[in-house]
Structure formats: C-alpha cells, structure tokens
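Below is one structure; the comments refer to it alone.
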Amino acid sequence: MFRYDPDLLTAVRSTPQSVADVIQTMQAIDRICIDGDGLKWFNGLYLQVTEAVRDRIAAGGFTNLAWLADLDVYFAAFYFQALEANLSGQGAPGCWQAMLQCRAQAAVARIQFALAGMNAHINHDLPMALVKTCETSGSYPAHGGPQYADFTGLNTTLDSLIESAKRTLNVRLLGDSLPPVSQLEDRVAAWSVAAAREAAWTNGEVLWVLRDSPPLLARFQDTLDGLTALASKTLLVPVPLALAVSGQDS
C-alpha cells in the first residue's frame, strides 16, 4: 500500500523482550510512516500509552511491576504480529484488517484510525495477552485480585490520553479540518477505553477457562474477532466530501 511497507515489515519482525524494545519498535514505525498513513495515528497514540506505562513502572506505581511489564510486552507483540501478517500477505485477524486495509483513505479522520486500532488491540488482543502473561507468571486472571487492581489502575491515565487524542486528532487523515458531523462525533464519544479494558479482562477469564476445550476456544476467538471487526468498521466509516459540504452549508 505504501512504498515503505518493506521497512515497516523489517521493523516489526523482531519479538520484543522488554518495554524498552516495544517503545523502540513503535518509534521506528512512527519514523517510517507519513502523515497520510492511518497507521501512524494509532501507533502514535499507542506509543504515548506505552511511555506512560513505562514511566509508572519506573516509579514503582504497581503492586506487581514484573507482571505489568510482561503484560505490556506480550500485548504489544500481538500488534506487531498482526502488522507483520498484514504486510507479508499472511492475513491478519479481521479486526486488524478493518483498519490496515484503509490506511490511505483520506476521508477517514486520524482519530478514527487511532480508536479503530485501539479497539482491535484491546478487545481482541488484550484477552489473549492476559492469558499468556498469567501462564508465564503462574498466576490467574482473577477479577478483583492484585493483578486486576494494577490493570484497572491504568484506566485514569489511559482515559486522559484518549480524551486528549479525541481533540488533537479530530482532523482528516491529511490534516484538513472536519465539518461538524454528529454521526462521527457520536461514534468517537461512545468509545470508552475503560469499558473496553473491563470487557477484555472478562474475556481473558473466559479464554482461561476454555484452554482445555480447543474447539470451543477457537470458536470463541473467531467470534471475538468478528465482533471486534464490526466495531472497527463502524468507527472507520468515512465522512464523504458531499456530507462534509452539506455539514458546512447547514
């Protein structure tokens, strides 16, 4: 789709081992992508989130620092894997394809790309990252447990970053202004990072229970991907030029 896609593919092929590795890869993606690439705006928002997590870990702001750091790394790896699969033609999950296939669509706002990426990553990838982190650490994704407290403790910081993005990224992909369009405003306003992360934790608990039932586990993951893809497509509905003119005239 973009001439620099081979460079992106190279950037995401290495598996991160630390939060610093995650940030380094995201910074590489940011340097490679032009403003007219919707991926840049999701990646930029995710980079801010990851830097906030890094700073809080460094300040000792979690009960279980190692668990939170591992979750951050495993979580980011799912994003890099989805991007690698898409760029190499292997087929990313449908929820990621919804965003990645329209990276150059100028009628879509930057905030739409950012939130569609967050939607795919949180609603689809985060439950699987939770399971992997718990398996690695020998813990259990207990609702209300210490890991859950660390997990939800991030919500205020994330909400602040998302709300800031809703203001600063509320322009078309190429930076031109959007007209007042209530449908777009409603879609953006309705997306809540705290609600998405709460659902992700619950779905992580479900995936944990289904580990011993592979066929049912696979069906549940397919359903989760399908529902998340539908939400992403809803977030990515373009604002047509005709509608923009109409909105300006009204």
Scan side-chain atoms only and decide if E198 and Y148 contain a donor-acceptor pair under the 3.5 Å cut-off.
yes
Check whether any side-chain heavy atom of I122 sits under 4.5 Å from a side-chain heavy atom of W191, and report yes or no.
yes
Do you know the tightest heavy-atom contact between A200 and L126?
CB-CD2, 3.7 Å
For the residue pair D21 and V73, establish whether any side-chain heavy-atom pair is separated by less than 4.5 Å.
no
Using the rule that two of Ile, Leu, Val, Met, Phe, Trp, Tyr join whenever any of their side-chain heavy atoms come within less than 4.5 Å, decide whether L173 and M1 are in one cluster.
yes
Please step through side-chain contact (heavy atoms from CB on, under 4.5 Å) for the pair S137 and W67, ending with a clear verdict.
CA-CA 7 Å; S137 64; W67 188 89; 3.5 Å; yes
Any ion pair linking E163 and K166 (charged N to carboxylate O, less than 4.0 Å)?
yes
Nearest heavy atoms of G117 and M99, plus distance in Å
CA-CE, 4.1 Å
Nearest 0.5 Å please: distance from the CG atom of N203 over to the CZ atom of F220.
4.0 Å
Ignoring hydrogens, what is the shortest heavy-atom contact between A106 and R172? Give both atom names and the distance.
O-CB, 3.8 Å
Is there a side-chain contact between R197 and L154, using heavy atoms and a 4.5 Å cut-off?
yes
Evaluate the criterion side-chain contact (heavy atoms from CB on, under 4.5 Å) for residue pair T157 and V49; output intermediate values, then yes/no.
CA-CA 8 Å; T157 299; V49 168; over 6 Å; no
R103/D5 ion pair, N-O < 4.0 Å
yes
Considering only heavy atoms from C-beta outward, does the side chain of V108 approach that of Q105 to under 4.5 Å?
yes
To the closest 0.5 Å, what do you measure between CG (L161) and OG1 (T156)?
11.0 Å
CD/E135: more than 12 non-hydrogen atoms of other groups inside 6.0 Å:
yes
Please check this pair: side chain of E84 against backbone of R13, looking for a donor-acceptor N/O pair closer than 3.5 Å.
no
Which pair of non-hydrogen atoms, one from A76 and one from V22, has the smallest distance, and what is that distance?
CB-CG1, 3.5 Å
Is L71 linked to M128 within one hydrophobic cluster, defined over Ile, Leu, Val, Met, Phe, Trp and Tyr using a side-chain heavy-atom separation of less than 4.5 Å?
no
Has the side chain of K40 got a donor or acceptor atom that lies under 3.5 Å from a matching backbone atom of I34?
no
Please report the closest heavy-atom contact between A82 and A92, naming both atoms and the distance.
O-CB, 3.4 Å
Out of curiosity, Q24 CD to T50 OG1, how far, rounded to the nearest 0.5 Å?
13.5 Å
I need the minimum non-hydrogen distance between C95 and S232, along with the two atoms involved.
O-OG, 3.8 Å
Would you please test I29 and R31 for side-chain contact (heavy atoms from CB on, under 4.5 Å) and show each step?
CA-CA 5 Å; I29 294 170; R31 287 193 299 270; over 6 Å; no
Separation between OG1 (T133) and CG (L68), nearest 0.5 Å, reads 9.0 Å
Close side-chain approach of F2 to C33, heavy-atom, < 4.5 Å:
no
Would you say F78 ends up clustered with Y46 if hydrophobic residues are merged whenever their side chains have heavy atoms under 4.5 Å apart, either directly or through other cluster members?
no
Are Y140 and V131 linked, directly or through intermediate hydrophobic residues, by side-chain heavy-atom contacts shorter than 4.5 Å (ILVMFWY only)?
yes
Point-to-point distance, once rounded to the nearest 0.5 Å, from CG of L130 to CG of L207:
9.0 Å
When you compare the side chain of F62 with that of Q147, does any pair of heavy atoms fall below 4.5 Å?
no
For the backbone of G91 and the side chain of N86, can you confirm whether one donor and one acceptor N or O come within less than 3.5 Å of each other?
no
Ring-face cation contact, W208 with R211, 6.0 Å cut, 45° max:
yes
State whether the side chain of D150 and the backbone N or O of T63 hold a donor-acceptor pair below 3.5 Å, judged by distance alone.
yes
Between S192 and A195, is there a donor-acceptor pair closer than 3.5 Å when you use the side chain of the first and the backbone of the second?
yes
Nearest-0.5 Å distance that lies between atom NZ in K132 and atom CZ in F75:
13.5 Å
Counting only N and O atoms by type, is there a donor-acceptor contact under 3.5 Å from the side chain of Q112 to the main-chain atoms of A109?
yes
Side-chain (R110) to main-chain (W41) donor-acceptor, under 3.5 angstrom
no
Classify the side-chain pair N119/N123 by whether it contains a donor and acceptor separated by less than 3.5 Å.
yes
Counting distance only, does the side-chain N/O of N43 pair as donor-acceptor with the main-chain N or O of M26 below 3.5 Å?
yes
Ring pair (Phe, Tyr, Trp, His ring centres under 6.0 Å) contacts touching residues 82-118 (sequence neighbours left out)
F42-W96, Y79-W96, W96-H121
Please examine the side chains of N170 and I111, heavy atoms only from C-beta on, and report whether any two atoms are closer than 4.5 Å.
yes
Co-membership, hydrophobic cluster, residues L235 and L169, 4.5 Å side-chain:
yes
Strictly distance-based, threshold 3.5 Å: is any side-chain N or O of D225 a donor or acceptor partner for the main-chain N or O of P93?
no
pair L217-Q221: side-chain heavy atoms closer than 4.5 Å:
yes
